[in-house]
Every structure is written in C-alpha cells, then in structure tokens.
Amino acid sequence: MKIMWKQLMAASLLAVVNNSWADNQALTVEDCHLGEIRSKVKCGTLQVPENYANNSGDKISVNFAVLPAIDNSEYKAPLMFLAGGPGQAAVELATSLNRVFREIRKTRDIILVDQRGTGQSSALECDLEDEEDVYRVLPEDLNIEDVKSCVSQFKGDVSQFNTENAIRDFDAIRVALGHEKINIYGGSYGTRAGLVYLRMFPESLESAVLDSVGPIEVPIGMFGQSGARSFNLLLDNCKNSESCHKVFPNLAEEFQAVKARLAKEPITLDIQHPRLGTPTQFVLDDTKFTGNLRFQLYGVEGRSMVPLVIHQAYLGNYQPLIGLIARTEGEQLVYTGLLFNIVCNEDIPKVSAKMREIDAANDFDGAASHLAWELICPLFPQYRPSEDFYQPVTASVPTLILSGDLDPVTPPSNGDFPAKTLSNSKHIIVKNASHTVAMSTCASNIIGEFLTSKDPKSLDESCLEDVPEETFMTSVNGVE
Amino acid sequence: MNSNIGQFKALLIKEYKEAFRDKRALMVALMMAFMAPIMIMVMSKVVIEKAVDKPPVYIKFTGAEYAPKLMAHLKKENLLDFADIPEKDKAIWDERNIVINIPESYSQDMADGKTIKVHLQADFNDKAVSPPVRRINNAIRDFSLSIGYKRLLLRGVDIRLLNPVKLVEQDTSMPDATFIMISMMMGLYMIMAAFMSGLSVAIDSSAGERERNVLEMLLCQPVSTLKIVLAKLCGASTIAVIGVALVLVLSSISVGFVDLTKIGATFSLGFTKGLTLFLLLLPICFFASACQLFLAFQAKSFKEAQSTVSMVIAIPAFVPFVLMMMDDRPQWLDWVPIAGQSLIMEDVFKGVEVNWLAILATSGVTIAITAGLVAILTQKLKSEKVVMALS
C-alpha cells in the first residue's frame with residue numbers, strides 16, 4: 001500500500017511537470033547531416049504520450065527530420081511525408097525523398113517523421129540470433145519460436161503502436177513546429193495513414209496527396225488478385241512488344257512450367273554467395289520464386305528484367321533470379337515488428353474466408369501472399385480499432401489521388417474508394433507506372449503544382465502521357 | 001556654440017548645393033549603383049544556366065540506326081541528332097561539327113559482350129565544344145554503366161560490390177548560406193559604390209575649387225579650417241552613402257528575379273541584414289571621401305587630382321579579391337579598413353552570427369584613420385603652399 005502511494009505521488013508530480021513544460025522540454029531540434037544529403041538539415045525529437053488516453057503515463061520519443069525549404073523568403077505550408085509499409089521509417093528515406101521532392105523543397109519544408117515503432121521512434125525490433133541467409137531460406141522455414149521470442153522483446157505497450165496514435169504523433173509534431181496547416185503526401189500504406197489523418201484532423205491539412213492507395217475499405221494483405229493483374233499486364237506488354245515477343249514467345253507457359261516444377265520439388269544449387277563470394281546454397285521453391293518476382297513488379301526497372309528471369313529459370317539458369325535477390329539482400333526495408341503489429345490487428349481481422357478464397361483464385365501466386373499473415377499474426381499481441389475506424393473517410397480537403405496501372409499491390413481500383421468519398425478530389429491513373437507513381441515519374445512535379453493551386457481538377461497532367469511504355473531486357477548482355 | 005553650428009550648416013549647405021547642382025554629373029557618379037543590380041542579375045543568370053540547364057546539343061551521327069537504345073538515352077539528355085536541328089541553329093552546330101561514329105557491329109558486339117568503341121570527333125581546343133563534350137562523356141558513361149550493372153546482376157553478382165567505397169559529402173555551411181557569387185559581387189559593388197559615388201564631388205570640392213579660386217575665398221572667411229574640411233567631407237560622403245544605399249536596395253530587389261533555387265541556393269536580404277551591412281559601410285563612405293579629399297588637395301592641378309584619385313579606386317576593388325584568394329588570413333586583416341569590412345560582410349551574407357565586436361573594432365580603426373586624415377588636412381590647409389598648390 002505504501003509503495004502504491006508513492007507511485008501515485010510520482011505520477012501526479014510528473015503530470016504537472018509535463019503540463020507546464022510540455023512545449024519547451026518535449027521538443028528538440030538541431031542541425032544535422034542526414035543520409036547522403038549534402039547540405040545540413042534539421043533533426044529533432046518530440047516526447048509524446050505512449051497512450052494518448054493517459055497523458056501522464058509513459059512517454060515515447062518520436063524522431064523526425066525537416067529538410068528546410070531552400071528559399072524560405074516566403075512562408076508556404078510544408079509537406080509532410082507519410083511512409084509506407086507499414087513499417088518504413090520516413091527519416092531513413094531522406095536521401096531519395098530529397099531528390100524526388102527537390103522542386104517542392106525549393107519553397108517548402110519537407111517534414112519526415114519516423115512513425116512510432118520504426119526508425120528512431122521506439123522501433124519494434126529484436127535481436128535475432130543469426131542473420132537470415134536469403135539464398136538458403138524458404139518462406140515456409142519460418143521459425144515460430146524465433147518470432148515468439150522476438151515479440152516478447154518488444155518494449156512498451158505494443159497495442160499503442162497503432163495507426164491512429166501515429167497520426168496523433170504526426171499532428172503533435174505539426175503543432176510543435178508551429179505550423180497552422182501542413183500538406184501531406186502518403187505513399188502506399190502512407191495513404192491509409194493519410195486517410196486517417198484526413199478524418200482525425202482535417203482542419204490541420206491544407207491539402208493531401210494519396211499515391212497508390214490502401215483505402216480503409218480494402219484490407220491490406222490480400223495481394224493475390226492485384227499481383228496477378230500486374231503480372232498479366234506485364235505478359236500482355238511483352239506480347240505486344242515486338243522484340244520481347246520474338247525472344248519470349250511462350251512466356252506465360254514457361255512461367256507456369258517453372259512454378260509447377262518448383263512446386264513439385266524445390267531445387268538446391270551450390271552457388272557462390274553473390275556478395276561474400278563464399279560457397280553457399282541456393283534453395284528455391286514456387287513460393288519463393290513468385291514472391292521474388294512479385295517484388296520486381298513494384299517498379300518498371302525490376303519489371304524490365306522479369307521476362308528474361310522467367311525464361312532463364314525455365315532453361316534452368318537461376319543466376320538472374322539470384323542477382324535480383326542480391327539487390328536488396330541484407331537491407332532492412334521495413335520494420336517488420338510494426339508491419340505485423342498494424343496489419344495483423346487493423347486489417348487481417350477484417351478479411352473473411354470468402355475474401356481469402358477469392359483472392360487466392362489467381363494464376364500468379366495463388367494464396368502465397370497470405371502465408372506470412374497466417375503464420376505470424378496469431379503470434380502478435382492483439383488490439384482492435386473501433387468500428388468507426390473502418391468507416392469510409394469523408395473530408396473536403398483538396399486531395400490528389402494517384403495510381404499506377406501496373407501496380408501489384410494497390411491497383412487503380414483502390415484509388416476509386418477515396419475518390420468517391422472525398423468531395424474535392426481527383427484520381428489520376430498513370431498507365432505506364434507501377435507502385436508509388438511520384439517516386440519514379442514526373443508526377444512529383446504535378447504534386448508541386450497541386451500544392452500551390454490546391455485545385456486537383458485543373459492540373460496539367462500532360463507530362464504523364466510521356467511516361468514511356470515498359471520495355472524489357474531480352475538478353476543477359478542487353479541487346480541493341 | 002550656436003554660431004558654430006550655424007557656420008557649419010552654412011558651409012554644408014554650400015557643399016550640397018555644389019554637389020547637387022549638376023544633376024547629370026551626379027547621375028554619372030551614381031552610375032555604379034544603378035549598374036550593380038543589372039550586372040548581378042545578368043551574371044547570375046549566365047552562371048545558373050551554365051550550371052544547371054542542359055541546352056540542346058546537336059551531334060552528327062553515323063550509324064545511329066545500329067543503336068536505337070543509345071540514341072534514346074542521348075535524346076533524354078538533350079543530346080540530339082543534327083538531322084533534327086532547327087534552321088536557326090544550323091550554322092553554329094555545323095561549325096562546331098561534333099561527330100559520333102557508331103560501328104556497324106554495335107548490336108552484335110553488345111550481344112557478344114564485347115567492348116564497343118564509339119568514336120567522338122570534335123575540335124577539343126574549341127571552348128564552345130567542351131561543355132557538350134563533357135555531357136556526351138557523362139551520358140555515354142551512365143549508359144554503359146547501367147548495362148554493365150545489369151549484365152553482372154543477371155549473372156548472379158551482387159551489384160553493390162561495384163561500389164566498395166562511397167564518398168558522402170557533408171557540407172557544414174549554414175543551411176541558408178547564400179549563393180556565394182552574388183554575395184561576393186554585392187560586397188564588391190557596395191565598397192566600390194562607397195569609393196566611386198563621392199569621387200567627383202570630392203575632387204570638385206577640393207582641386208576644382210582651388211582652380212576656380214573658391215577655396216582661397218573660403219579660407220579667408222572667419223571660420224575654422226576644420227569646419228571647412230568637415231563640410232567638404234560630409235558633402236562627398238553623403239553622395240557615397242546614397243550610392244551604397246542604392247546598391248543595397250536595388251540589388252536585393254533585382255536578385256528576386258533570378259531563380260537561385262535552381263542551383264539549390266537562395267538569397268534574401270532581410271531588414272536586419274541590410275541594416276547591418278549599411279551600418280558597416282557607413283564609416284567606409286567617410287573614409288573613402290577623406291582619402292579622396294586628401295589626395296586631391298595634395299595634387300597640383302585638377303587633372304592631376306583626377307588621375308591620382310582614380311588610381312586609388314583600384315584598391316577597394318582589389319582588396320576583396322585578394323582576400324578571397326587567401327586561404328590563411330592573418331589576424332590583423334580584421335582591423336584594416338576595407339579588408340575588415342569585407343570579411344564581416346562575408347559572414348553577414350553567409351548567415352553566420354555577426355561578431356559585433358569585430359564591427360566596432362574595424363569601424364573604430366576606420367573612423368580613427370578618417371579623423372587622422374581630416375586633422376592632417378586641416379593642418380595642411382593652413383599653409384599657403386597647399387592652398388596655392390605651390391609645393
């Protein structure tokens with residue numbers, strides 16, 4: 001009893017201190033160098049409550065960076081980037097975002113926030129015993145005990161690492177940096193975050209850009225149909241391209257043949273480790289094969305090599321596939337702890353058996369994209385957002401919606417949901433682009449125009465017509 | 001005391017009347033100030049264009065049909081085929097005559113993985129040719145590398161192996177550091193304006209008045225020589241101050257018309273920055289006029305005064321340049337007039353916290369030297385030798 005009293009005292013004391021010092025003590029900002037950006041930028045942290053319903057409880061530190069406007073003689077509302085995943089750390093993407101948004105940065109600050117659970121914001125991480133060897137491991141080899149022990153290492157109340165609290169963090173940073181309003185750009189899962197932001201704090205937003213939409217109405221995680229659609233577009237485009245069709249006339253059949261062969265029996269090859277140069281083994285089954293191909297479908301550069309990779313695999317040469325896997329080997333693309341925490345609790349519970357069945361009925365990778373959720377979600381602590389969370393988002397904030405027609409995870413049909421419910425919005429579908437259109441096309445300039453005009457319906461979209469049709473590599477030496 | 005001020009006022013009014021009487025001469029004197037913003041704008045535009053813009057380059061290709069992908073890549077870099085040239089540019093590019101030869105074996109060698117030799121012919125001594133040649137080099141290297149990377153990737157090699165060491169540059173200058181060229185030019189122009197604007201007035205009111213025999217009459221009046229010198233100094237310095245203010249205002253307006261963000265720079269002269277610069281240059285205006293008066297009085301004739309004083313103008317133009325070339329600057333430079341101010345101006349433009357002590361110090365030294373010159377001049381004007389230009 002005595003001890004409890006003491007704790008109560010301490011808690012109430014902390015609360016008072018926090019209230020009176022909140023503005024001064026919670027925010028730190030300093031000059032820093034970030035990624036490969038040449039000039040100095042600003043890095044900062046903001047202390048926020050772990051649980052917003054309990055302001056006096058534990059605090060977590062949210063990490064952010066500001067790429068200051070090059071010309072700040074005239075104030076313009078900044079652009080906040082909402083990262084994808086879920087589980088990408090925005091600050092870690094600074095180098096490429098600085099390039100993509102260079103036109104916008106000329107006159108606006110770019111704000112990058114590590115969503116809670118990623119990067120330097122209390123990342124949901126754990127020490128795994130040995131580094132995973134992507135060449136040797138099969139997706140099914142996942143060790144349940146490893147995941148369990150990893151989950152047990154998470155610090156804090158994991159149920160608070162949800163989308164809505166992340167948005168509260170973002171808006172708290174807006175306030176702390178002294179901006180009355182900001183613009184947001186969300187890519188991939190960032191669009192889901194953006195939609196929740198539009199619902200929770202519409203008055204904080206001057207405009208929003210949703211690029212490759214994951215709408216509230218469509219649960220994240222069912223990628224069978226969308227992957228197959230993207231892959232079939234690739235097959236069509238190859239067939240319609242004279243040079244591709246000439247070299248790979250039976251691409252669809254060859255793909256099915258390789259898949260069937262690997263499904264019957266995984267292959268094991270002795271190879272040189274592509275990076276270390278030491279002997280290792282390469283093990284491949286159908287799920288790993290399609291999983292890696294799916295990953296290439298995200299961008300036109302990866303896509304350009306897919307026909308060649310399939311054809312070579314059909315001929316028994318897996319080196320091209322190994323080279324593709326090597327491109328991202330050992331790199332942490334997302335903070336998987338947060339990825340599963342959010343998807344397993346906010347999306348997968350909304351997936352019915354019927355939806356699963358429909359999604360699995362495709363000729364690309366069947367139900368392979370469900371595997372991770374089925375294995376890992378039961379191991380994660382549970383929380384459930386309220387039913388309100390799943391209502392369509394309505395807002396009158398000017399919103400630009402972008403979709404790439406070739407996208408394997410967020411097909412253009414996803415973008416139609418917010419286009420319908422957001423009153424002042426326009427949905428642009430870019431024919432020859434894949435996932436996150438602004439990262440690879442001139443759409444970033446259209447966004448710059450939109451941030452100034454705030455009128456999604458009268459933008460100059462002409463440059464998108466010049467995005468070239470996808471082309472394919474037809475030989476391992478690159479002919480022509 | 002009152003009569004003292006009254007006398008000085010009368011003398012000053014006389015100097016102003018003389019200075020402002022000839023409007024055209026005055027305008028010519030302030031020419032420097034009016035030219036500065038135009039020069040800054042034009043030069044910045046040229047520099048930016050060279051740094052960022054990729055103007056079209058027209059190349060005479062042979063064998064273009066063998067390498068459609070290479071041609072598409074070059075086109076993306078605005079390196080175009082001479083066949084597509086607009087009529088008005090034809091003569092220039094025909095003369096520059098940049099030729100690229102693509103061998104017939106291009107596609108076969110590509111398929112065989114052999115190195116393809118593409119030949120670039122041009123007059124490498126021609127200055128106009130070197131930027132296009134550099135761009136062609138870069139474009140071909142990028143194209144070649146991207147294929148090379150893919151070749152290795154498709155053979156199962158981790159292509160990150162090709163970059164064992166990567167140098168990441170971290171610039172420690174302030175984030176809002178300004179475009180160095182504009183700062184440099186503006187600093188130079190302001191110091192020049194301080195020296196040039198008051199020049200004609202200073203010569204006219206000294207050597208000129210002597211030749212017109214006005215000086216003699218002035219010195220015969222029952223006023224102290226010091227007052228006469230001070231009045232002349234104020235007259236000339238006022239014009240110099242106007243010149244500096246004009247450069248400051250006009251160039252900060254004109255810089256707004258240059259898109260510096262293209263090269264990742266910005267230039268904004270806020271009110272405080274502008275005021276700091278103005279305060280910093282105020283002593284220089286007086287110093288400049290004092291120097292000019294001193295030298296002009298020293299001269300035997302109006303003509304001699306003109307040539308001596310004009311030569312002295314080279315000093316303010318020269319000092320900032322010398323400072324820029326110097327890597328290790330000795331400490332005492334901070335105190336010397338012009339040099340001290342140049343160094344502080346650099347800091348102001350860079351957005352670095354201004355060292356007010358340094359401003360005070362260099363201003364103090366400048367004012368002290370000015371006062372010294374005034375004192376010597378006053379002494380000298382008491383001697384007929386100087387007044388009559390006899391010595």
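Atoms considered below: every heavy atom in the structure, side chains included; atoms not considered: hydrogens, waters and symmetry mates. Reminder, nothing fancy here: chain letters follow the sequence lines and each chain counts from 1.
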Do you know the tightest heavy-atom contact between [X] and [Y]?
X: B/Arg155; Y: A/Val476; value: NH1-O, 3.2 Å
X: A/Asn477; Y: B/Ala111; value: ND2-O, 2.7 Å
X: B/Gly156; Y: A/Pro274; value: O-CB, 3.4 Å
X: B/Asp171; Y: A/His33; value: O-CE1, 2.9 Å

* Asked: What part of B/Asp109 gets closer than 4.5 Å to chain A, counting heavy atoms only: side chain, backbone, both or neither?
  ->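 Neither part; nothing is under 4.5 Å.
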
* Can you sort out the partners of A/Lys106 under salt bridge (Lys or Arg N to Asp or Glu O under 4.0 Å), two or more places apart, ordered by chain and number? =>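 Listed in chain order: A/Glu103.
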
* Part of A/Thr107 within contact of chain B (heavy atom distance under 4.5 Å) ->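 Contact with chain B: none, neither part.
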
* Measure distances from A/Ile325 to the heavy atoms of chain B and classify the residue's part below 4.5 Å as side chain, backbone, both or neither. =>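 Neither part; nothing is under 4.5 Å.
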
* Hey, what do you get for CG (B/Asp158) to CD (A/Gln272), rounding to the nearest 0.5 Å? ->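 If I round to the nearest 0.5 Å, the distance is 13.5 Å.
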
* Got a second to check how far B/Lys150's NZ is from A/Ser475's OG, nearest 0.5 Å? ->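 Here the rounded value is 12.0 Å.
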
Please indicate whether [X] has more than 12 foreign heavy atoms, meaning atoms of other residues, nucleotides or ligands, lying under 6.0 Å from its [atom1].
X: A/Phe295; atom1: CZ; answer: no
X: A/Arg102; atom1: CZ; answer: no
X: B/Glu104; atom1: CD; answer: no

* Which residues in residues 159-169 of chain B have any heavy atom lying under 4.5 Å from a heavy atom of chain A? ->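 Within residues 159-169 of chain B, near chain A: B/Ile159, B/Arg160, B/Leu161, B/Lys166, B/Val168, B/Glu169.
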
* To do: Considering only heavy atoms, give the residues of residues 310-323 of chain A separated from chain B by less than 4.5 Å, sorted numerically, with 'none' for an empty result.
  =>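 So the qualifying residues are A/Gln319, A/Pro320, A/Ile322, A/Gly323.
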
* Please list all pairs passing the side-chain hydrogen bond (donor to acceptor under 3.5 Å, both in side chains) test where one or both residues lie in residues 439-449 of chain A, with sequence neighbours left out. =>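 Not a single pair qualifies under side-chain hydrogen bond (donor to acceptor under 3.5 Å, both in side chains).
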
